[in-house]
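Working notes for the structure below.
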Amino acid sequence: MQRDSNVIAMMAFSIQIKVEAMTEILLRASKEPWEFVSASEVLKSNTIANNSGNLLFGQSVYRILSAPGVTITPDRYASHRAQNTREYAAWINDSFDHFVIPLANAFRPAFRPALKRLTKVIERLKIPVTVIGVGSQHKLEGGQADEELNGDVQSFMAEVLERSASVGVRGERTAAFLATLGFGDDQVDVIGCPSVFMYGDPQPIEKTAASLTDDSRIAMTISPYVGKLNALVASHTKSYQNLVYVPQNLKDLNMMVWGEDRATPKSRWNPTHVAHPLYTEDRMRFPLDPRTWVDYLTDFDFVFGSRIHGSIAGILAGVPTMLLAHDSRTLELAEYHAIPHLKVTDLSSKTDAKQLYEQTDYAEYNSRIPEVQRTLAAFLEKNGLRHALTEADTATEFDDRLAAAKLPDMVTTLYAAQGEGRAAILDRVRGLHREQTALEKRVEGLEQQVAGFSFESEVRSLIGSWRRQTARKLGLRK
């Protein structure tokens, strides 16, 4: 009898291991981490969802969840673009065990249509759903309540919490916003942004130089719509010839690839037009992939700017980085992770990179990493997700595959003078030629169809078909 019990126990354990070893996760992400997506393809399909920062935290969650026995499939952002939610949700229910949704500043008016579509998909799901790193977006000084947005956020949260233990948010400000909508600490966990763990255990950030010089290599990552940064851009463009601007928006990429102005510039010192010195001097680089983005920044002495994921890319590269917080979404992440930061409202026309570098201290950030890591791991385990966050070498297969992948370089401007830059421009020209050739063949085929089209014969064919169908209905023909 004891032997039978042992056999049954062993069988149950074996079944449990087998079930655990076959976890299929659908991940809200634009692509596979090792997938090559060119600049022209990004512009066509918007695989960065308007901002290349989305690639950074999507890939980070992909790696974190790459535990043994877990298969991950990116949804390519179809979940918030799906038109036929019934069929799409049915496919998810039939194909996956868990739907994991990394989100950034999704609780904002501009994202409302996508959030509503995503909610419609979730409400039809029968599998667990986990939201990681979602945040609200407000002005630094606060603002008026948006009742329509609040209603959409409430609906989204309610549907997610029907299928999860809690929702992971970016910071205390988002948690406070959700509390006003009725979601308490038992439903909301503050976990920060998973992108700081894109390479596993983060390395401490240390200054390698006592101070910056006029010749220092500086990467600037700013939001062009933040008017208070215009003077800063102007002074640093002039003063630091080794400064490179790293934009992130889709419109910036279009400007760099095809030479079309990003927008009607409100200031000539705003780097959104092709006459700007940063463009004409080829001092702009656009990231198409997280790995090549971070690799590129490793050669710099300092990174500063208002982009939160542009700043995190600098941190991942091991470079001292100063964030210039301009709204709640950037400020709450800086506060949670102890990323060195200043509010844009505290900047003056005389603020300089040398001064920012001196104020950059990563002692608290470095010391907080273990606690942040434990908090994120606890959240994942609470929601039934295995992970490679705290176990050494569990994401080896992921890391090896990513290291072997050929991925796109940083995009240059049309003024690139080096051989590498000219090669990139030739690639764009070849791509245009291939597209033109394909279009010409398609037009030729359509012209042949039009030339062979006979209106009279088509009418006779339609009348004959109508007569046969009518005859069958009247029983005149079998």
Side-chain angles (χ1 to χ4, degrees), residues 11-32 49 54 57-58 61-104 106-107 111-134 151-169 178 181-184 186-189 191 194 376-389:
M11 289 176 63
F13 179 75
S14 175
I15 292 171
Q16 180 182 3
I17 293 296
K18 184 177 180 182
V19 170
E20 290 181 349
M22 298 177 63
T23 303
E24 295 279 351
I25 292 178
L26 179 66
L27 179 69
R28 182 182 178 272
S30 67
K31 69 182 188 74
E32 300 281 5
N54 293 318
F57 64 83
V61 175
Y62 198 118
R63 186 193 186 278
I64 288 169
L65 297 180
S66 294
V70 175
T71 300
I72 300 173
T73 301
D75 74 341
R76 302 183 185 277
Y77 293 147
S79 56
H80 73 258
R81 296 171 177 164
Q83 299 300 316
N84 193 332
T85 56
R86 186 184 299 274
E87 290 184 2
Y88 188 74
W91 171 72
I92 296 176
N93 286 325
D94 291 342
S95 306
F96 300 98
D97 304 304
H98 208 126
F99 184 22
V100 178
I101 309 174
L103 285 173
F107 298 159
F111 196 74
R112 276 189 62 219
L115 189 68
K116 292 169 72 172
R117 289 193 293 269
L118 185 57
T119 302
K120 287 181 179 179
V121 171
I122 294 172
E123 68 185 8
R124 296 182 181 277
L125 297 185
K126 301 175 182 178
I127 62 173
V129 175
T130 302
V131 172
I132 299 179
V134 67
D152 291 335
V153 172
Q154 284 177 317
S155 298
F156 173 79
M157 289 288 294
E159 292 299 338
V160 171
L161 288 168
E162 284 281 332
R163 297 158 179 83
S164 66
S166 63
V167 170
V169 301
L178 292 175
L181 303 182
F183 301 100
D186 59 329
Q187 298 168 303
V188 175
D189 289 314
I191 61 172
L376 178 55
F379 167 77
L380 296 173
E381 292 161 10
K382 178 180 179 180
N383 283 276
L385 288 165
R386 284 178 287 164
H387 58 83
L389 192 61

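Since this is a predicted model, take the numbers as computed values, not measurements. When reading the values below, keep in mind they use all heavy atoms of this one structure, side chains included, and skip hydrogens, waters and symmetry mates.
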Check your understanding: Run the side-chain contact (heavy atoms from CB on, under 4.5 Å) check on V167 and F183 step by step: do they pass?
Key -> CA-CA 10 Å; V167 170; F183 301 100; over 6 Å; no

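- Within the 4.5 Å cutoff, no side-chain heavy atoms of T119 are placed close to those of D152.
- In this structure, the side chains of Y62 and L65 stay at 4.5 Å or more apart for every pair of heavy atoms.
- Using a 4.5 Å heavy-atom cutoff, the side chains of V153 and L178 are in contact.
- The aromatic rings of F96 and W91 sit perpendicular to each other, their planes meeting at more than 60°, with 30° as the lower class boundary.
- Using a 4.5 Å heavy-atom threshold, the side chains of L115 and F107 count as touching.
- Residues meeting the salt bridge (charged side-chain N to carboxylate O under 4.0 Å, His left out) test with E159, sequence neighbours left out: R163.
- Residues K382 and D189 have side chains in contact (heavy-atom distance under 4.5 Å, counting atoms from C-beta outward).
- With values rounded to the nearest 0.5 angstrom, I122 atom CD1 is found 10.5 Å from L161 atom CG.
- D75 is linked by a salt bridge (charged side-chain N to carboxylate O under 4.0 Å, His left out) to nothing, counting only residues two or more places apart in sequence or in another chain.
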For residues 123-133, tabulate all N or O donor-acceptor pairs below 3.5 Å that involve a side-chain atom, not counting sequence neighbours.
from: T130; atom 1: OG1; to: H98; atom 2: NE2; distance (Å): 2.7

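- Smallest separation of non-hydrogen atoms from R117 and H80: NE-O, 2.7 Å.
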Exercise for review: Please assess E32 against R76 for the test side-chain contact (heavy atoms from CB on, under 4.5 Å), listing each intermediate value before the final yes or no.
Suggested key: CA-CA 9 Å; E32 300 281 5; R76 302 183 185 277; 4.2 Å; yes

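- Residues S95 and L26 form no side-chain contact, since every pair of their non-hydrogen atoms from C-beta on lies 4.5 Å or further apart.
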